[in-house]
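Every chain is numbered from 1 and lettered A, B, ... according to where its sequence line falls, protein lines coming before strand lines.
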Protein chains: 2
Amino acid sequence: MAKETIAGLAQRLGISKASVSYALNGQPGVSELTRRRVLDLADELGWYPSSSARALSRSRAGAVGMVLSADPLLIGTEPYYMGLLTGIETALAEGDTALMLRMVGKDPEQERATYERWAGERKVDGVILFDHRHDDPRPALLERLRLPFVLHGAPATEGAAPRSGTTTDHALDAATIVDHLHRAGHRRIAHISGPRSFLHEEARIEGVQDRAGRHGMSVTRYEADYSLDSGRDAALALLRAGEGITALVFGNDLMSMGGLLAMRAIGLRCPDDVALVSWDDSLHCELASPSVTALARNPGLQGRVAAELLLRLLDTGAVQTARMPAGDLIARSSTGALP
Amino acid sequence: MAKETIAGLAQRLGISKASVSYALNGQPGVSELTRRRVLDLADELGWYPSSSARALSRSRAGAVGMVLSADPLLIGTEPYYMGLLTGIETALAEGDTALMLRMVGKDPEQERATYERWAGERKVDGVILFDHRHDDPRPALLERLRLPFVLHGAPATEGAAPRSGTTTDHALDAATIVDHLHRAGHRRIAHISGPRSFLHEEARIEGVQDRAGRHGMSVTRYEADYSLDSGRDAALALLRAGEGITALVFGNDLMSMGGLLAMRAIGLRCPDDVALVSWDDSLHCELASPSVTALARNPGLQGRVAAELLLRLLDTGAVQTARMPAGDLIARSSTGALP
DNA sequence: CTGAAAGCGCTTACAG
DNA sequence: CTGAAAGCGCTTACAG
């Protein structure tokens, strides 16, 4: 049973290997009767075609890759990635495609080496890219390697060469957050972003700036690195500066938690003294006390869509872009909403 | 370059395909000079052997599988899994083995179908199994499918057929937790475990019972399902029953968070009225207020060891068992330690 | 609709 | 140490 092959099936049924193959793959070239007999026998024997033989003859691996390149500590605690991963895997499974997962450190060289190798070994048919940066070397690398890819979560860029990927309207999300704070009466806010080298962070920074400007609010910018500690440090620096900031917007949930710790440390109350918004929802935001107002972005859905785009790209070569829905602001105590 | 093959290399170098293959794989049968020339050329061309061709001729996939079968919601928020995953992937990468990740719901049928298929397609060379249960059908299934596996985190069972896997001394961990509570003066405690059908939960339950008995403490048991809500419900039921329980031990961090919510809801203070310990550490425990005393079990290390055992099993057929180190109790505010 | 055959790109006995 | 050849288990033109 574990050693059954297409030749074995053909022999048992008294037909040729080709017929078995056609039957299995839903190709024309076999009578319905034969097809049924093949399928039934395969089922009965619990037989599946060898993935490596199939991959070799089709020159298609039947798998796509995903490199998580971040501080391992961050990956483990960052719920956004897990949500994304779940969505991606689910969609891939439905498309009979396996997910190859690689976790590397922050060293970009390792990510590069992984793609180089995957392409060379023809181990994956395509990859999903995150955290698109300015002058990101990866798209050009993947093109050189002829490894199809989708770009996840970048801001829509007009005029650029069309690429497969999901785009997020970060300006819209920024407006949602800023409006919420404006409505609550805040006029001096701070925006603690992740690294500006990420295109999505730049889009968010501009979005916040623009919208706040329209409301006549002032924004102090601070660049951090998504870690809890960097969020805490940012909050300490901003709140001690005495600029009269009354609300902090953090680029992710971990930094928001750091912000809460900072406030507690210097004796400021949230939201009475300073309000707080997280640009990513998670259980952390829900459980914190006070609970933290957050923009829910539905990472599961995003992952699913990204994976579907990649599958379509591989199947049909269709290059398309999917706009992600706007984030939902979940109002909680940290901006004065009822608990 | 992307289309280079072993035949191409051989032709360029004026030698046979066999020599190239031997050179690449560190096999005897080529002169050192030839080997160097092959390796250098491969390097220069950025060439790697096709994984599917290699898999087909070696009948080895070069990948192992891992099925995460849990509530998707739970997976995304349960830090233990991410830590484990990181450890596993890191060790596999060092062993030049890919990780195939599949996420399925709680339906055991889906997990079964995945193994069936992976085995049939020879897509993976082995798998890592978690959450061993009573009468778990998976080991027998995998044996029938001839898919090697390691069992992660089960209690050591004497006299049973030897299997590859990691074992945890849950009784020792239980003692650590119970002793901590006893020292703090608690005499009536409750243990909110995960499902008892898991062998590790049963071992924990017995361990807590035994150790508490030795100290003359009483233990009320409650079975929950690892979710936040189930932890909350458990705490509500136990604390309202008025049995004079002064400390709660939860089987994971999410349930612990549920416990805190429950206490807040009914106006009990932690640790003054009721103390709390989590049988898994995480950022949630660290950030909660009060911060939650927890048993840190080092999932990253555990994952690494499990993966190494599997690689060894695949390489040499060596069946071995590795005892995981005892958990570290991180004392925090929820049991009266200083913040 | 069916069969014989070449090919996918490696590995590995087997002669030399 | 090297070369010619078979084999891994599929897919896919090509004749019939």
Next item on the list: Assign each of B/Ile15 and A/Tyr22 to its nearest nucleotide of DNA chain D by heavy atoms, then name whichever residue's nucleotide is nearer the 5' end.
Entry: B/Ile15
Notebook entry, point to check: Does OP1 or OP2 of D/dC10 have a side-chain N or O of A/Trp47 closer than 4.0 Å?
Noted result: yes
Next item on the list: Give the intermediate values and the outcome of side chain to side chain contact (heavy atoms under 4.5 Å, CB included) for residues A/Arg144 and A/Glu116.
Entry: CA-CA 10 Å; A/Arg144 181 168 70 71; A/Glu116 201 98 39; 3.3 Å; yes
Note to self: Using every non-hydrogen atom in the two residues, find where B/Val124 and B/Trp118 come nearest and quote the distance to one decimal.
What the structure shows: CG2-CB, 3.8 Å
Check: Given D/dT11, is OP1 or OP2 found less than 4.0 Å from the side-chain N or O atoms of A/Arg54?
Finding: yes
Item checked: Separation of atom CD in B/Gln11 from atom C1' in D/dA4, rounded to whole Å -> 16 Å
Next item on the list: Please confirm whether the backbone N or O of B/Phe130 pairs with a side-chain atom of B/Arg138, one donor and one acceptor, at under 3.5 Å?
Entry: yes
Note to self: For a quick test of reading the model, state the closest non-hydrogen atom pair linking B/Ala61 to B/Ala55 and the distance between them.
What the structure shows: CA-CB, 4.2 Å
Next item on the list: Look at atom CZ of A/Arg323 and say whether more than 12 heavy atoms of other residues, nucleotides or ligands are closer to it than 6.0 Å.
Entry: no
Notebook entry, point to check: C/dA13, D/dC10, D/dG7: which one has an atom nearest the side-chain heavy atoms of B/Ser57?
Noted result: D/dG7
Next item on the list: Please check the phosphate of C/dT11 (OP1 and OP2 only) for any side-chain N or O of B/Ser21 closer than 4.0 Å.
Entry: yes
Note to self: What contact category does A/Ser31 fall into here, base, sugar-phosphate, or nothing, at under 4.0 angstrom with non-hydrogen atoms?
What the structure shows: sugar-phosphate
Next item on the list: Can you tell me the distance, in whole Å, between the CD1 atom of A/Ile6 and the P atom of C/dC8?
Entry: 18 Å
Margin query: Let's see if you can work this out: which of C/dG9, D/dG9, C/dT12 has an atom nearest to the side-chain heavy atoms of B/Ala53?
Written below: C/dG9
Item checked: Residue B/Arg58, side-chain heavy atoms: nucleotide from C/dT11, C/dG3, C/dC10 that is nearest -> C/dT11
Item checked: Nearest-Å distance for atom pair CG/P, residues A/Leu24 and D/dC10 -> 9 Å
Next item on the list: Go ahead and write out DNA chain C as dot-bracket, 5' to 3': ( ) for pairs within the strand, [ ] for ones crossing earlier pairs, | when the partner sits on another strand, dots for unpaired; Watson-Crick or G-U wobble, both distances under 3.5 Å.
Entry: |||.||||||||.|||
Checklist line | Considering all heavy atoms, the nearest B/Gly26-B/Arg35 contact | finding: CA-NH1, 3.2 Å
Next item on the list: Check the distance between C/dT2's C1' and A/Leu13's CG and give it to me in whole angstrom.
Entry: 14 Å
Notebook entry, point to check: Of all the nucleotides listed (D/dT2, C/dT11, C/dC10), which has the minimum atom distance to the side chain of B/Ser19?
Noted result: D/dT2
Note to self: Can you confirm whether the side chains of B/Arg122 and A/Ser50 place a donor and an acceptor under 3.5 Å from each other?
What the structure shows: no
Notebook entry, point to check: Given atom CZ of B/Arg122 and atom P of D/dG9, what is their separation to the nearest angstrom?
Noted result: 7 Å
Notebook entry, point to check: NA contact type, A/Ser52, heavy-atom cut-off 4.0 Å: base, sugar-phosphate, or nothing?
Noted result: nothing
Margin query: Classify B/Ser50 by what it touches in the nucleic acid, base, sugar-phosphate, or nothing, heavy-atom distance under 4.0 Å.
Written below: sugar-phosphate
Checklist line | Atom-to-atom span, CG of B/Asn25 to P of C/dA13 - whole angstrom | finding: 13 Å
Margin query: Whole angstroms only, please: what is the CZ-C1' distance between A/Arg35 and C/dC1?
Written below: 11 Å
Next item on the list: Report yes if a side-chain nitrogen or oxygen of B/Gln27 is closer than 4.0 Å to either non-bridging phosphate oxygen (OP1 or OP2) of C/dT11; otherwise report no.
Entry: no
Note to self: Reading DNA chain D from 5' onward, which residue's closest nucleotide shows up sooner: A/Lys17 or B/Thr34?
What the structure shows: B/Thr34
Item checked: Distance in angstrom units between A/Glu121 CD and C/dG9 C1', rounded -> 13 Å
Margin query: Using a 3.5 Å distance criterion without hydrogens, assess whether the side chain of A/Thr166 forms a donor-acceptor pair with backbone atoms of A/Ala322.
Written below: no
